[in-house]
Participant: 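Pasting in a structure now, in structure tokens, and then I'll have a few things to ask.
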Amino acid sequence: MRPFAYERPADVRSAVATLGAGTDAMYLGGGTNLVDLMRLGVAEPGTLVDVTRVTPAAIEETPDGGLLIGAGVRNGDLAAHPLVRRRYPVLAQAVLSGASGQIRNMATVGGNLLQRTRCSYFQDVTKPCNKRSPGSGCPARTGDHRNLAIFGHSESCVATHPSDMAVALAALGAVVHVEGPGGARTVPMPGLHRLPGEDPSRDTVLEPGDLITAVEVPALPLAARSRYRKARDRASFSFAVVSVAAVLELDGERRVRDCRIAFGAVAHVPWRAGSAEAALRGAPATVEEFARAADAEVRGARPLPLNAFKVPLAHNLLVRVLADLAETS
Amino acid sequence: MTTTEITYVGSPIDRVDGLEKVTGRARYASEHNPRDLTYAAPVQATIARGEVKGMDAGAALKVPGMIAVIWHGNAPRLAPSDAAELSVLQSPRVAYRGQYVAVAIAETLEAAREAAALLRVEYSEEAHDVELRADHPRLYRPDHVNPRLPADDVRGDPDAALASAPVVVDATYTTPAEHNNPMEPHATVAEWDGGGLTVHDSTQGPTALRGQLAPLFGMPPEQVRIISPHVGGGFGSKGLAHPHVVLAALAAKQVGRPVKLTVTRREMFAVTGYRTPTIQRVRLGAEEDGRLIAISHEACEQSSTIAEFAEQTTVATRMMYAAPHRRTTHRLVRLDVPTPSWMRAPGEAPGMFALESAMDELAVACGVDPVELRVRNEPATDPDTGLPFSSRNLVACLREGARRFGWDARDPRPGVRRRGGLLYGTGVASSTYPAYRSPSQASARAEPDGTFTVRIAAADLGTGARTVLTQIAADTLRAPAERVRVEIGDSALPQASIAGGSMGTASWGTAVVRACEALVRELERTGGVVPPGGAEASAATAEEVRGQEKYARHAFGAQFAEVAVDADTGETRVTRLLGVFAAGRIVNPKTARSQFVGGMTMGLSMALFEESVMDARFGDYLNNDLAQYHIAANADVRDIEAFWVEEDDPHLNPMGTKGIGEIGIVGTAAAVANAVHHATGIRVRDLPIRLDRLVR
């Protein structure tokens with residue numbers, strides 16, 4: 001591992017100033033992904049700026065009934081928070097479906113959003129990877145991409161974003177609060193993460209020095225009826241093969257009044273299923289209509305030879321989750 | 001001498017080293033820190049075939065704390081050896097991606113790793129071939145398969161019998177490469193002292209490791225000492241010396257200081273062995289009622305270009321079922337891949353997946369219950385050797401398992417048990433493992449204070465070997481177990497066979513019994529009084545083992561699985577797993593249960609998860625960490641039970657034991673696959689049974 005300096009700034013401004021100075025510094029949250037990447041030589045920061053003591057670690061109610069989740073909140077605490085569990089079950093379920101208890105107790109909300117793909121080629125410095133080493137090529141596209149993208153990938157990159165939490169936040173329309181060298185701003189989700197295009201080295205729209213300080217989840221009463229379902233190879237401690245976060249509200253005639261849907265592990269971003277949502281709004285809450293909505297979404301998939309199974313999997317998962325939500329409505 | 005009524009063999013006593021382990025006092029190989037210790041970080045080849053042309057260590061040597069870089073250009077010469085894998089840094093040749101081509105030695109592990117990362121290795125790369133195919137032009141018949149069995153065996157005329165059989169199953173099954181992932185990675189601390197070499201290592205066989213290491217350094221075995229009191233799992237991967245041990249010893253010699261080398265999880269996917277992938281064609285010919293006429297089982301497997309490891313994939317098929325016509329073959333291809341080696345039940349585990357899946361297909365084809373089908377094909381004597389079985393209780397295991405599992409109520413129709421979104425099914429498979437025994441030696445010593453010490457260079461991988469040897473010794477000495485101390489895990493102790501082939505207890509136990517018997521006789525001569533200087537006796541079992549009666553000795557078992565398959569996602573979970581085994585006398589029901597359940601868990605893991613993914617372009621296994629290489633997690637292991645039937649077999653050894661370390665993994669994957677078929681109607685013939693094979 002390359003030697004590095006470790007700094008613990010006093011506040012957010014000085015943290016941002018440290019990174020904004022054009023150094024090869026990186027922010028350190030729980031370290032559950034970054035430290036691994038440093039050991040592998042994938043990340044080689046000259047300085048680690050530990051932000052776990054400067055980013056807020058509290059969950060507060062916003063005046064409109066939403067939640068402001070500090071970027072330093074540990075994943076385990078987020079999932080256990082009574083308001084999260086009551087108002088946004090999809091978020092609590094998503095977080096609890098990820099990693100292990102030990103890792104959730106270390107990992108932070110900000111860091112969870114910024115974790116890197118688990119594509120094997122990305123994690124192996126002896127192999128090409130456009131994300132890690134721009135211009136070196138993408139061996140995954142013609143190699144082992146069973147776990148990789150079916151939506152929105154490019155010639156340069158077929159990686160997926162591995163987070164479960166981000167899928168729920170994308171469905172909920174969360175807003176990310178960012179402090180950068182130019183001051184504070186907000187970035188709506190989805191929209192924080194970007195498709196790989198020709199520059200897969202950038203996972204998000206954040207600029208150098210930008211620090212996530214909080215994630216705001218808007219008031220969304222219908223989210224009380226929401227669900228996260230993760231298809232995975234083993235029953236715990238594994239990344240999603242495909243996951244779906246869904247919020248469903250029916251009217252008195254059992255038609256879909258409103259819905260929010262996002263898929264995980266299918267794209268370089270948490271994949272908000274706009275086509276499915278559009279197809280569902282106003283439709284009767286029947287399995288046939290749910291299947292029609294799922295078809296509308298997966299029609300846009302461009303699977304690779306080894307992950308074509310993700311298309312029926314995503315379809316079936318969505319239908320099931322919607323049917324389960326409708327049944328309890 | 002104390003006499004006691006207690007019989008320890010058969011009692012579920014606690015592990016004698018349990019307290020030491022849970023309190024952290026048990027020290028494992030990498031926890032040894034001799035004075036002046038240095039740290040090694042190996043460098044692995046990034047080509048699959050070719051030569052190392054040069055090494056630029058300029059940047060590496062500038063790392064603070066850096067001591068040396070060793071590669072074939074400056075490495076100490078080892079004695080020529082047939083074991084090419086162990087001729088570490090002796091040649092510029094690269095035989096597989098991940099092979100060690102250099103090592104950095106530094107004052108700290110961090111400095112060593114940083115230096116290793118900065119080394120620039122120049123290669124001349126050659127075209128490589130890493131793909132096992134059933135039609136590979138370089139497939140050949142090895143002279144022998146592991147451990148030293150005939151590669152091919154043909155009885156009768158299987159082709160003609162298959163051509164005329166009323167019912168035929170003809171299917172090809174594949175199992176992927178799989179890697180052992182013991183909790184404790186391989187680790188070595190090597191130290192030279194006055195010309196001798198001391199190695200703290202995590203090994204399944206101190207005597208065997210010494211025997212492999214000493215000649216490489218041109219020394220008699222007595223000048224090498226292997227110390228390995230505790231081993232955090234091995235499963236076969238610590239049974240043979242792997243290159244890291246030699247590399248540590250060689251590096252320590254070069255720098256003149258002790259060297260610690262801890263193999264990383266990632267390195268383990270290249271340098272510490274793995275289970276070969278297999279392609280197996282099974283053909284069964286049977287009468288309408290399921291009685292077998294012909295069995296043909298042909299396996300293709302791989303080894304590296306520098307070592308021939310030919311796994312005995314189809315050997316169990318030679319003695320499982322009665323059939324007048326039979327063919328079992330092995331074909332090997334030498335590829336530019338890492339060298340495969342032992343992984344829990346090499347041969348039986350992948351081979352019985354194929355055979356027992358095919359038996360289930362035959363049961364379906366004949367409309368015969370799968371338990372009944374196996375009972376109908378029970379042989380009277382060993383179909384392979386013609387010898388009588390010392391004991392064979394497969395049928396008893398099947399019947400007892402069926403009773404406990406509730407098999408009799410089973411509706412054979414596939415795909416009809418849906419509850420909620422889940423499809424349920426049940427499956428059965430037979431299990432077996434040979435009961436081997438190897439020569440070993442032991443000593444037993446009595447002290448005037450009434451305590452005893454038994455010494456043997458055995459190994460406890462977490463199996464409970466130290467505990468069961470204590471029980472065996474205490475019974476033979478007729479002494480309380482608290483007064484018997486068993487010392488193992490050191491090559492300076494009387495030499496012993498390895499902890500492998502499920503033969504540890506049988507081999508070591510025999511030597512311990514004989515040594516203790518000799519001590520008892522010695523003490524009888526002195527009227528039961530221990531002389532002031534103590535009394536000691538020893539025993540060697542080579543003659544006894546060689547002269548044992550001619551019998552076919554095998555343990556048997558039956559595995560029953562219930563699965564729930566998500567109809568939407570294809571996710572398969574094993575909701576119940578029940579095994580019944582006939583494995584001779586059970587010395588310690590507590591540790592034995594752990595062995596059976598552990599093996600079954602590993603079998604569940606093999607069924608559903610484990611697969612090392614080769615990228616043919618690069619030539620290495622891609623998923624080389626525990627986030628990508630999935631082994632069963634706690635949540636995957638739900639209702640799991642192991643039972644055994646009583647066996648009183650006088651033809652085995654003084655304890656009446658058969659091995660129990662491996663049989664638990666044998667047949668599990670087939671039982672799960674058969675249950676998946678029963679649940680879904682989909683026959684999965686390629687492991688692992690992941691959701692992509694089932695989602696529709």
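Predicted model, so just to flag it, every value in this text is computed and none were measured. So you know, we letter chains A, B, ... as the sequences are listed, proteins then strands, and number each from 1.
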Participant: With a 4.5 angstrom heavy-atom cut-off, could you sort out which part of A:Thr142 is near chain B: side chain, backbone, both or neither?
Facilitator: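 Its backbone and side chain both get close to chain B.
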Participant: Which atoms form the tightest heavy-atom contact between B:Phe609 and A:Asp233, and what is the distance?
Facilitator: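 That would be CE2-O, 2.9 Å.
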Participant: Decide yes or no for A:Pro139 and B:Phe618: does some side-chain heavy atom of the first lie under 4.5 Å from some side-chain heavy atom of the second?
Facilitator: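 Yes - at least one pair of side-chain heavy atoms lies under 4.5 Å apart.
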Participant: Can you tell which part of A:Leu40 gets under 4.5 Å to a heavy atom of chain B, answering side chain, backbone, both or neither?
Facilitator: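 The side chain, not the backbone.
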Participant: Which region of B:Glu110, side chain (C-beta onward) or backbone (N, CA, C, O), has a non-hydrogen atom less than 4.5 Å from a non-hydrogen atom of chain A, or is it both or neither?
Facilitator: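 The backbone, not the side chain.
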Participant: What part of B:Arg573 gets closer than 4.5 Å to chain A, counting heavy atoms only: side chain, backbone, both or neither?
Facilitator: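 Contact with chain A involves the side chain of B:Arg573 alone.
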Participant: Just list the side-chain donor-acceptor pairs under 3.5 Å for residues 629-637 of chain B, sequence neighbours left out, or say none.
Facilitator:
{"unit_1": "B:Tyr629", "atom_1": "OH", "unit_2": "B:His179", "atom_2": "N", "d": "2.9"}
{"unit_1": "B:Tyr629", "atom_1": "OH", "unit_2": "B:His179", "atom_2": "O", "d": "3.3"}
{"unit_1": "B:Tyr629", "atom_1": "OH", "unit_2": "B:Glu610", "atom_2": "OE1", "d": "2.5"}
{"unit_1": "B:His630", "atom_1": "NE2", "unit_2": "B:Ala627", "atom_2": "O", "d": "3.2"}
{"unit_1": "B:Asp636", "atom_1": "OD1", "unit_2": "A:Ala235", "atom_2": "N", "d": "2.8"}
{"unit_1": "B:Asp636", "atom_1": "OD2", "unit_2": "B:Ala633", "atom_2": "N", "d": "2.9"}

Participant: Under 4.5 Å heavy-atom distance to chain B, tell me which part of A:Val319 shows up: side chain, backbone, both or neither.
Facilitator: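 Neither part, no heavy atoms under 4.5 Å.
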Participant: What part of B:Asp615 gets within 4.5 angstrom of chain A, counting heavy atoms only: side chain, backbone, both, or neither?
Facilitator: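 Answer is side chain: those atoms of B:Asp615 sit under 4.5 Å from chain A.
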Participant: Rounded to the nearest 0.5 Å, how far does CD of A:Gln123 lie from CG of B:Asp625?
Facilitator: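 Atom-to-atom, B:Asp625:CG and A:Gln123:CD are 6.0 Å apart.
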Participant: Can you name the nearest heavy-atom pair linking A:Lys127 to B:Arg97, along with the distance?
Facilitator: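 Looking at all heavy atoms of both residues, the shortest contact is CG-NH2, 3.7 Å.
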Participant: Determine, for A:Lys310 against B:Asp692, whether the closest basic-nitrogen to carboxylate-oxygen distance falls under 4.0 angstrom.
Facilitator: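 No.
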Participant: For B:Asp566, which atoms come within 4.5 Å of any heavy atom of chain A: side chain, backbone, both, or neither?
Facilitator: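 For B:Asp566, the side chain is the part near chain A, not the backbone.
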Participant: So, are A:Arg39 and B:Glu114 salt-bridged, with charged N and O less than 4.0 Å apart?
Facilitator: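 No, no charged N to carboxylate O under 4.0 Å.
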Participant: Given a strict heavy-atom distance threshold of 4.5 Å, which part of B:Thr569 is in contact with chain A: side chain, backbone, both, or neither?
Facilitator: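 It is both, since atoms from each part get that close.
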Participant: Applying side-chain hydrogen bond (donor to acceptor under 3.5 Å, both in side chains), name anything that partners A:His145, two or more places apart in sequence or on another chain.
Facilitator: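 Partners of A:His145 under the side-chain hydrogen bond (donor to acceptor under 3.5 Å, both in side chains) test: none.
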Participant: Under 4.5 Å from any heavy atom of chain A, what part of B:Leu622 do you find: side chain, backbone, both or neither?
Facilitator: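 Both parts, heavy atoms under 4.5 Å.
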